[in-house]
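Quick notes on the structure that follows.
Since the structure is predicted, the reported quantities are computational estimates derived from the model, not experimental observations. Lettering of chains follows the sequences in order, A, B, ..., and the numbering in each one begins at 1. Below, each value reflects all heavy atoms present in this structure, side chains not excepted, and no hydrogens, waters or symmetry copies.
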Amino acid sequence: MTADTTAEPRREMAKAYDPRQTEARVYDFWENRGYFKPGGDPSKPPFSIIMPPPNVTGELHLGHALTDTVEDILIRWRRMLGHPTLWLPGVDHAGIATQNVVEKQLAKEGLTRHDLGRDEFEQRVWQWVRRYRPIISNQHRRLGASADWSREVFTLDDGPQRAVRTTFKKLYDDGLIYRGHRLINWCPRCQTALSDLEVEHVDREGSLWYMRYPVVDGHNDDGTPKLTGDHIVVATTRPETYVGDTAVAVNPKDDRYKSWIGRTVMLPVIQREVPVLADDAVEMEFGTGAVKVTPGHDPTDFEIGQRHDLPIVNAMNLDATMNAEAGPYAGQDRYEARKNIVRDLDELGYLEKTEPYALNVGVCSRCGTVVEPLMSWQWFVKMESLARPAIDVVREGRIKFVPERFERIYLNWMENIRDWCISRQLWWGHRIPVWYSADEDGDRIVVTLRDPQRPDDPPRVATYNELRADGVTHEEILRNGTWSGVEATPIVAVDTPERSPTGGGHLLQENDVLDTWFSSGLWPFSTLGWPEETDDLKYWYPTSVMETGYDIIFLWVARMIMMGLYCAGDIPYSHVYLHGTVRNEQGQRMSKSLGTGIDPLEIVEKYGADALRYTLITSSGPGNDLKLSEQRVEQGRNFANKLWNATRFVISLIGGERVEMPRDITAFAQGRPLEDRWILSRVESLARSVDAQMQKFELGEAARQAYEFVWSEFADWYIEIAKVRARDEKAAGPSPLPVLAYVLERSLRLLHPVMPFVTEELWQSLVQHVDGAEGEALIVAPYPRGDSGYEDAAAEREMATLIDVVRAIRNIRAEKRVEPAKFIEAYVVADGARPVIEAGAPYIETLARVRPLRIVGDGEAPKEQVATAVLEGVTAVVPLAGLFDVEAERARLRKQIAEAEAEAGRIEAKLSNEGFRSKAPEKVVAAEQERLAAVTARLEGLRASLAELG
RNA sequence: GGGCGAUUAGCUCAGUCUGGUUAGAGCGUCUCGCUUACACCGAGAAGGCCGCAGGUUCGAGUCCUGCAUCGCCCACCA
C-alpha cells in the first residue's frame with residue numbers, strides 16, 4: 001500500500017460503514033493510480049464502451065445514474081477479467097435543449113438571443129458549458145464511474161466537428177443529403193424545424209367542426225360564382241387551416257359522393273374555389289366522409305396534393321400567426337384565427353355543427369408547443385440506402401440487442417424509415433458546412449438584415465447584391481444578417497473555404513445548424529479519432545457494448561448503426577443493452593420541470609453510491625422500467641454495512657496473525673471440516689453462476705445472487721460456525737481463518753463491479769492481514785469465474801441437514817417460548833447421518849442453544865413430554881418438561897403430518913400416472929421416487945411421535 | 001389502427017428465454033432477543049386461485065390462443 005491509498009495504519013474500523021469516509025478517497029486512489037486507463041492483458045480482446053454523452057443542459061438524474069451503474073459494472077467486470085478496457089466519457093452540446101435553457105436564462109434578464117447576436121449568444125452558451133461540464137463529470141465520479149477521464153470528449157470539440165463535416169460532405173457527394181422544399185414539423189416557439197422523432201404525440205380535448213362548403217356552378221358575368229344552394233360538409237379539427245384549402249376530397253368508393261367528384265366548391269369568406277376530388281386516403285367512416293385538403297399544413301393532405309397536383313397554400317408565418325393568404329385573419333395567432341373563423345362561418349350559416357373530439361396533436365418534445373406542419377426549405381438525409389445495411393447487420397445477428405425484443409422494434413422502424421430533416425434554425429450546434437458565393441450568387445441570396453442600433457425595428461429583406469449596391473459591406477452582412485441561399489449553389493466543404501471554386505472571396509456560410517442527433521450518430525467513432533485512421537480507432541472500433549435507454553432506439557441507436565456502417569465501414573458495436581426508465585415511487589417519470597425528480601447525489605450523500613448502484617441494478621431486469629424508492633436504497637446500504645461488519649469481524653479474528661490464502665482449493669479442501677468444504681463449494685458455485693449471469697447481461701440477478709450468498713450463507717452460517725470454532729475447544733479443528741479470508745475475499749471480488757467503493761475499501765483492509773491475495777488493488781484483481789472445478793455436493797447436502805436440525809430446534813424453542821438465553825437438552829436421532837451430526841454437534845449446541853446434545857439411535861430418544869421434529873434422515877427431539885402441552889404438541893405434529901401427507905399424495909399421484917412414468921425423463925422419475933421415500937419416512941416418524949402422545 | 005411490456009405475498013420486485021421437489025427476496029406485519037461483526041442486527045412466524053378463460057403436455061407461474069386491466073411505443077381518420 002502506498003500513501004495515496006487507504007493504508008494509513010488503520011485505527012479501529014468504525015462500527016458501521018460510512019460511505020462519506022470512504023468514497024472520495026477510494027475514487028482518488030483509483031484515478032491517481034491510473035486504473036481507469038486501458039490496461040489489462042493485450043492478448044485478450046479489448047472491451048470498450050462509449051458513454052452516452054449527457055446533455056450539458058444540466059445535472060445528472062437517476063437515468064444517468066442507471067447508465068453509469070450498468071456501464072461501470074460491465075467495465076469493471078471486464079477489467080477484472082483482464083481485458084484491455086476503455087470507457088470513454090463525453091458530453092453532448094444538445095443543440096435545441098441547451099439553447100432553450102440559455103435563452104430562458106437570458107429571458108430573466110429581459111433579453112432574447114437576438115439582442116445579443118449570434119456570436120455573443122454563442123459565448124453565453126459556452127459560459128454555460130464551462131460551468132456544467134465539471135459538475136457533470138464530478139457527478140459521474142461520485143457514482144463511481146471508472147471512466148477514462150483523460151479522453152473526455154465534447155460534441156463540439158475539434159475532432160467531432162471534423163467528423164460531422166466529413167460525414168456531411170460524404171453524404172452530400174453521394175447524393176444522400178439534399179435540400180428540399182417540403183412539409184416539415186415546425187416549432188413556432190423554438191423557431192426551428194424538427195425531425196419526426198422530435199415531435200411527441202399527446203391526446204388533447206378538442207372539437208370537430210362541421211363546415212359547409214357551397215357548391216359552385218359556373219360564374220356570373222362579373223365573375224362571381226353562381227351558387228347552387230347545395231353544399232358539401234367537411235369535418236375538421238383545424239378550421240383555421242381552411243384558408244389553406246385547395247381541394248375537398250372524398251373516397252372514390254363512397255356512393256354518397258360519387259356525383260360530387262369533379263364539381264367545384266367555394267371556401268366561404270375568402271371566396272376561393274376548389275375542386276372536389278377522389279382519393280383513397282379519405283376514410284369514409286370519419287366525419288361526413290368528405291375532407292378539406294390543406295396540402296400546406298397537413299402531411300396527409302400534402303400527399304393528396306402531390307397525387308392530384310394541387311397548389312400548396314402556406315397560410316402561416318413562422319410564429320404561427322396567419323399570413324396574407326388568410327385574408328381578413330392575417331396577423332392573427334392560429335388559435336385566435338380559429339375562433340374567429342368558426343364564429344364567422346357560423347354567422348354566415350356555414351357551420352353545421354360542433355362536436356367534442358379527442359384528438360392527437362404533435363407537440364415539440366423540447367418545449368411542448370403544438371407543432372405546425374409547414375412548407376419550408378430544409379436539408380434532408382435520404383435514409384433508405386443507409387438503412388438497408390443497418391437492417392442486415394441486426395438480422396444477421398452481428399449486432400445483438402438486450403433484451404432481444406427491441407430488435408423487432410428497431411427493424412420495424414428501419415423498414416419504414418423516412419427521410420431525416422437535419423437542419424435546425426438554431427444558433428447552438430454544428431453549423432452546416434455549406435457556403436454560398438456572394439460573388440457569383442449575390443442575386444440569389446436573400447438577406448434579412450437587422451439594424452443593431454434599432455433591434456426592435458423590422459429587419460430589412462433584400463438580395464445580397466441589392467444591399468451591397470446600397471453600400472452595406474460584406475462584413476456588416478456577416479455580422480447583422482441572416483440569409484437564405486435556396487437558389488444559390490451550395491459549396492460543401494470539410495475545411496472552411498476561403499474562396500469559391502471559381503475564385504469568389506465573399507462567402508456566406510449556411511445559417512442553420514445540424515440536428516444534435518447528427519453528431520450523436522457519429523459518436524462511436526468520432527470519439528476515437530475518425531475520420532483519421534487513428535490507432536485508437538483501429539484498436540477499439542467496433543466497440544463492445546452500447547448501453548442506453550430504450551426510449552432513444554430510433555433517435556440514437558439506429559442512427560449510430562447506419563452512420564457507423566456508412567462512415568467507419570463497420571458496425572459501431574456488437575451489443576446494444578437497453579435499460580428502462582427510472583421512475584419515482586408514484587411511478588412518474590423523473591423530471592426536473594415536473595418536480596418529480598430525485599437528485600442522485602442526494603441519495604449518494606445519504607446512503608452511499610454503492611447502495612444506490614446495488615438498488616438500481618437489482619430493481620429490475622434489462623429493458624424494464626423501475627420504480628426507485630428510498631426504502632429500496634436502504635437495502636443496499638444495509639448490505640454494504642453487512643459486508644463492512646463481516647470484514648471487520650474476520651479481521652478481528654485474524655488479529656495480529658497473518659493468514660495464508662489457499663491457492664488450490666481442491667487440494668486445500670481435502671480433509672477439511674464439513675462446513676469448510678460446504679462454503680468453499682458454495683462460493684465456487686456462486687462464481688460460476690455470477691459469471692453466467694454476467695455473460696447474459698443479467699447484472700441484477702448476478703448481484704442478487706452474491707447478496708444472497710454473502711448474507712444467508714456466509715454470514716448467517718459460516719461465520720457463526722467459525723465463531724464456535726474460534727472459541728470452543730470441542731469444535732477446534734484446523735483454523736477457519738484461511739477459509740474466512742478466502743471466501744470473504746472472493747465475495748468482495750464478485751461484488752466489486754456492483755459496489756466498488758466499499759469492496760475496495762474492505763479489500764485493502766483485508767489484504768493487510770493476508771498473504772497470497774492476487775492483485776495490487778481490488779479494481780484490477782482477477783474476477784472469479786468458478787472454474788477451479790471444485791465442487792462438493794456431499795458437503796452441500798450434509799450441511800443442509802445440519803442447518804435443518806438447528807432450525808428445527810430453534811423453531812421448537814420459539815414456539816414453546818423457551819427463554820432465548822437458556823440452554824436446553826435435546827436429542828437427535830440419527831442413523832445414517834450420525835457422522836454429520838457428530839461433527840456438527842458443537843455448532844448445533846451453540847447455534848440452537850442446546851446443552852447437552854445427545855445423538856442417539858432409533859428408538860433411544862425419550863418419548864414423554866417432548867417436541868419432535870422429523871426431518872429427512874434425522875429427527876430432533878426436545879424434552880420440554882414444564883413447558884410441555886400435549887394438545888399443543890399434537891396440533892404441531894398434526895400440522896406437519898398434514899403437510900407431509902399432502903406432499904406424499906402429490907408425488908404418489910404423479911408416480912401412479914402411467915404417462916409420467918413412461919414419458920418423463922428417468923432422472924425426474926427417480927428424483928420423485930426418492931422424494932416419496934423421504935416423505936414417507938418422515939411421515940412414519942411423525943405418526944409414530946403422534947402415537948406416543950396417545 | 002398496429003405493436004410491445006406489465007399483471008406473482010399488504011407494498012416493491014425476482015423467477016418465465018431452457019416446463020419438473022414444498023414459487024423466492026427486500027420492505028412492512030406479528031412473537032422474541034442488546035448471545036463480544038453488524039439493531040443498517042439476530043431468531044422464529046404469519047402472509048400467495050402466480051390477472052381471467054381455454055389449450056398443449058405425463059407435468060404449466062413458466063409454452064400457445066383468447067380476454068381483461070394498467071403503462072409505453074409506433075401510425076397520414078382530418
Need to verify one output field. Residue with the more 5' nearest nucleotide on RNA chain B, A/V650 or A/R583? A/V650

Identify which nucleotide among B/C38, B/U22, B/C17 has an atom closest to any side-chain atom of A/R931, counting heavy atoms from C-beta outward. B/U22

Could you give the CE-to-C1' distance, from A/M211 to B/A78, as a whole number of Å? 11 Å

Counting heavy atoms from C-beta on, name the nucleotide in B/C27, B/G33, B/A37 closest to the side chain of A/Q631. B/C27

Determine the Euclidean distance between corresponding P atoms of B/A60 and B/C17; express it in Å to zero decimal places. 14 Å

With the side chain defined as heavy atoms from C-beta on, A/R817 is closest, among B/A78, B/U22, B/U31, to B/U31

Out of B/C38, B/C13, B/G44, which nucleotide sits closest to the side chain of A/K627? B/C13

Just say parallel, tilted or perpendicular for the rings of A/W413 and A/F554, cut-offs at 30° and 60°. parallel

Specify the separation, in whole Å, of atom OH of A/Y210 and atom P of B/C77. 17 Å

Rounded distance in Å - CD (A/E283) to C1' (B/C77): 5 Å

Counting only side-chain heavy atoms from C-beta out, which of B/C38, B/U21, B/G15 sits nearest to A/E903? B/U21

Using a 4.0 Å heavy-atom cut-off, does A/G621 contact any base of the nucleic acid, only the sugar-phosphate backbone, or nothing at all? sugar-phosphate

Let me know the distance between CZ of A/R648 and P of B/C41, rounded to the nearest Å. 14 Å

For B/G26 versus B/C72, give the span between their C1' atoms, rounded off to a whole number of Å. 27 Å

Among B/G42, B/G20, B/A14, find the nucleotide with the atom closest to the side chain of A/P921. B/G20

Please measure how far the C1' atom in B/G44 lies from the corresponding atom in B/U8, and state the result in whole Å. 25 Å

Rounded distance (Å) that lies between atom C1' of B/U16 and atom CZ of A/R405: 13 Å

Does A/K400 count as lying over the ring of A/F697, i.e. NZ or CZ under 6.0 Å from the six-ring centre, within 45 degrees of the axis? no

In terms of relative ring orientation, are A/Y213 and A/Y242 parallel, tilted or perpendicular, with 30° and 60° separating the classes? tilted

Atom CD1 of A/I409 and atom P of B/A75: how far apart are they, to the nearest Å? 13 Å

Measure from the side chain of A/F554, starting at C-beta and using heavy atoms only, and say which of B/C74, B/A78, B/G42 lies closest. B/C74

Would you say the base of B/C38 and the side-chain of A/K15 have a donor-acceptor pair closer than 3.5 Å? no

Please tell me whether A/Y718 and A/F649 form a close aromatic pair, meaning their ring centres lie under 6.0 Å apart. no

Flag if over 12 foreign heavy atoms under 6.0 Å of CD, A/E404: no

With a 3.5 Å limit on both atom pairs, tell me what B/A6 is paired to, counting Watson-Crick and G-U wobble, or say none. B/U69

Using a strict cut-off of less than 4.0 Å between a Lys/Arg side-chain nitrogen and an Asp/Glu carboxylate oxygen, indicate whether A/E698 and A/K696 qualify as a salt bridge. no

Check if the side chain of A/Q705 and the base of B/A25 share a donor-acceptor pair of N or O atoms closer than 3.5 Å. no

Just how far, in rounded Å, is C1' of B/A25 from CD of A/Q635? 7 Å

Nearest to the side chain of A/F286, which nucleotide is it out of B/G26, B/C77, B/G3? B/C77

Rounding to an integer number of angstrom, what distance separates B/U7 and B/C49 when you compare their C1' atoms? 15 Å

Between B/C4, B/A37, B/A45, spot the one nearest the side chain of A/N811, thanks. B/A45

Using atom P of each nucleotide, how far apart are B/A46 and B/G24 to the nearest Å? 13 Å

Separation of A/D625 atom CG from B/A6 atom P, in whole Å? 11 Å

Can you tell me the pairing partner of B/C13 across any strand shown, Watson-Crick or G-U wobble, with both distances under 3.5 angstrom? B/G24

For the side chain of A/R408, starting at C-beta, report the closest nucleotide among B/A37, B/G3, B/A25. B/G3

Of A/D716 and A/G623, whose closest RNA chain B nucleotide lies nearer the 5' terminus? A/G623

In the strands shown, is B/G42 matched to any nucleotide by a Watson-Crick or G-U wobble pair with both distances under 3.5 Å, and which? B/C32

Axial cation check for A/F823 ring with A/R851, 6.0 Å and 45° limits: yes

